[in-house]
Amino acid sequence: MAVLLFLLLLSISAVHADEGAYIGVNIGTALSAMPSATQVVALLKSQNIHHVRLYDADASLLAALANTGIRVVVSVPNEQLLAIGSSNATAAAWVARNVAAHVPAVNISGIAVGSEVLTSMPNAAPLLLPAMRFLQSALVASNLDKFVKVSTPHSSSIILDSFPPSQAFFNRSLDPILSPLLRFLQSTSSPLFLNVYPYYDYMQSNGVIPLDYALFRPLPPNKEAVDANTLLHYTNVFDAVVDAAYFAMAYLNVTNVPVVVLESGWPHKGDPSTEPDATTDNADTYNSNLIRHVINSTGTPKHPGIPVPTYLYELYDEDQRPGALSEKSWGLFDSNGLPAYTLHLSGSGLLLANDTTNQTFCVAREGADPKMLQAALDWACGPGKVDCSVLMQGQACSEPDDVESHASYAFNAYYHGMGMGSGTCYFSGVAAITTTDPSHDTCLFAGSGGKNGTSLLNNTSLAPSANSTADQSGSTRTTMFAPSFLQLLVLLMLAALQLL
């Protein structure tokens, strides 16, 4: 029996190996036509999504996730917090039913206790830490505490004065709860779950936060936000909020709890009169840039190169959510599994790779103001570090000798040099993406394949690549092979039983 126990724990540890940088996806279920559990898992597989967060612990979805290797964060809904926070036995029963009964076949890696409890239901806040402790005790009793981590997702609004990040601190009225909660996370090697929504920060800033800063669009150095205390430069809201959390924890003498962003995204549709920036273009730009930022292990200015694992909000549009139109329109897909919009992730691995075209070019927008074009051209050839020598008189791309033609060459060179990342063909609105190859005569544009197109390809194929064994962070994944590993484990266990 000792052999069996060793093999069981070995299987769990292999499936739960630390993976560093990764992108996950939240799966909400407030849909009028919710896909079946098998359809949900088929979509996850087709899009190479290996990390998900459920808002409960739905048995049918957990059964469908068995033997897929997909890492799962299950959740205790807010309405169950009272019972679990009041009774160790209730917490133990919850773990037995929703965690222990499913591992190792289901790769459960975490429990999210409640959702933004401190801000959404402050009256229940005193029960939050007891619930977490009871659940932790149940995991310890089941020998699962090394593999399943307990935390609770917080709204970033618990951080006050988040800029400059070095002066950020948590709402002082929450200190009696947050201080022991953070020490719990520290003692159990669990992360701080944080929900980060630059969309709301931008919408509520009354114009103080520029849209480009919220969307990860490239900023000239003079537009970057600088923390005067640390001299760290911030080019996007996301990094500033994450670093604010780190500084706020340090203020409470907690310095070794990692941040995992459990929710972040951008709505692709909204009421034009009240939510004009909830558009497919902005959703594509934010999510594409966020994915690239995370999986490249860019880190934050305070912790460069340190991964910030992030879960996108969300897999499906939830048409039954109350509130404004944008509240129903955060999904990457509709209920039929069709993309709500195409993410542009060229050069960023296979995750959510539903844009497979590489034949795109960035050119000057027709009718753009010449002075703005010239300013953008000067930036591309200067701070943008594009080699513009071919535009000099007598060189291959000097003709036509006009600002639109020269800008098109420089814009496209920058766009391809940046891996055709979303937001890299913008240039203050004077650039546009096309599939028409702008090369002419001896002037070849970056990305030219000798084929001309007429419109921007909107590829919605869900087919995954079949020839890669690397995950979205670029490292070889153990969990890609978890099903065959588990099958081997079963054979070994059966052989062991025959020897007893």
Q.
Go through it in stages, so that I can follow the logic: the residues are M372 and S428, the test is side chain to side chain contact (heavy atoms under 4.5 Å, CB included), and I'd like the CA-CA distance, side-chain angles, deciding distance and then a yes or no.
A. CA-CA 8 Å; M372 293 184 66; S428 299; 4.3 Å; yes
Q.
Looking at R53 and E263, is there a salt bridge between them, counting it only when a charged N and a carboxylate O are closer than 4.0 Å?
A. yes
Q: Quick one: closest heavy-atom pair of V196 and Y286, and the distance?
A: O-OH, 4.4 Å
Q) So, D277 versus Y202: side-chain donor-acceptor pair below 3.5 Å or not? A) yes
Q) Are T298 and N296 close enough that a side-chain donor and a side-chain acceptor fall under 3.5 Å? A) no
Q.
Do H293 and D239 pair up side chain to side chain, a donor and an acceptor below 3.5 Å, judged on atom types alone?
A. yes
**Q.** Ring-ring centroid check W266 F216, cutoff 6.0 Å
**A.** no
Q) Among side-chain atoms of S32 and D319, is any donor-acceptor pair under 3.5 angstrom? A) yes
Q: Would you check if there is a donor-acceptor pair between the side chains of S166 and D227 at a distance under 3.5 Å?
A: yes
Q.
Could you check whether Y313 and N195, counting side-chain N and O atoms only, form a donor-acceptor pair closer than 3.5 Å?
A. no
Q) Can you tell me how far OG of S329 sits from OH of Y341, rounded to the nearest 0.5 angstrom? A) 10.5 Å
Q. Hey, does the Lys NZ or Arg CZ of K223 hover above the aromatic six-ring of Y213, less than 6.0 Å from the centre and inside 45° of the axis?
A. no
Q | Any L332 side-chain heavy atom under 4.5 Å of P339 side chain | A | no
Q: Ignoring hydrogens and angles, tell me if any N or O in the side chain of Y246 forms a donor-acceptor pair with the backbone of V259 under 3.5 Å.
A: yes
Q.
Restricting to non-hydrogen atoms, name the atom on A278 and the atom on S326 that form the minimum distance, rounded to 0.1 Å.
A. CB-CB, 4.3 Å
**Q.** Under 3.5 Å donor-acceptor, T29 side chain and I27 backbone
**A.** no
Q: Please find out if less than 6.0 Å separates the ring center of F445 from that of F361.
A: no
**Q.** For the student: nearest non-hydrogen atoms of P165 and A240, plus distance
**A.** CG-O, 3.7 Å
Q. Can any side-chain N or O of H233 pair as donor or acceptor with the backbone N or O of P221 at less than 3.5 Å?
A. no
Q: Would you name the heavy atoms of D317 and W330 that are closest together and state the gap between them?
A: OD1-N, 3.4 Å
Q | Test item: M249 and L192 side chains (from C-beta on) under 4.5 Å apart, heavy atoms | A | yes
Q: Could you tell me whether K328 atom NZ has more than 12 heavy atoms of other residues or ligands within 6.0 Å of it?
A: yes
Q: Evaluate the ring planes of W379 and F427, with Trp represented by its six-membered ring, and classify them as parallel (under 30°), tilted (30 to 60°) or perpendicular (over 60°).
A: perpendicular
Q. If every non-hydrogen atom of Y409 is compared with every non-hydrogen atom of D387, which pair is closest and at what distance?
A. CE2-O, 4.1 Å
Q | Donor-acceptor contact present, side-chain D271 to main-chain E275, <3.5 Å | A | no
Q) Do D402 and S405 get their side chains close enough for a donor-acceptor pair, meaning under 3.5 Å? A) yes
Q) So V25 and F333, side chain to side chain contact (heavy atoms under 4.5 Å, CB included) or not? Walk me through it. A) CA-CA 11 Å; V25 177; F333 299 90; over 6 Å; no
(Q) Over 60° means perpendicular and under 30° means parallel, so tell me whether Y311 and Y22 are parallel, tilted or perpendicular. (A) perpendicular
**Q.** 4.5 Å side-chain heavy-atom contact, P301 and D243
**A.** yes
Q) With a 4.0 Å cut-off, would you call E327 and R321 a salt bridge? A) yes
Q) Do T279 and D281 get their side chains close enough for a donor-acceptor pair, meaning under 3.5 Å? A) no
(Q) Under 3.5 Å, is there a donor on one side chain and an acceptor on the other for E224 and T235? (A) no
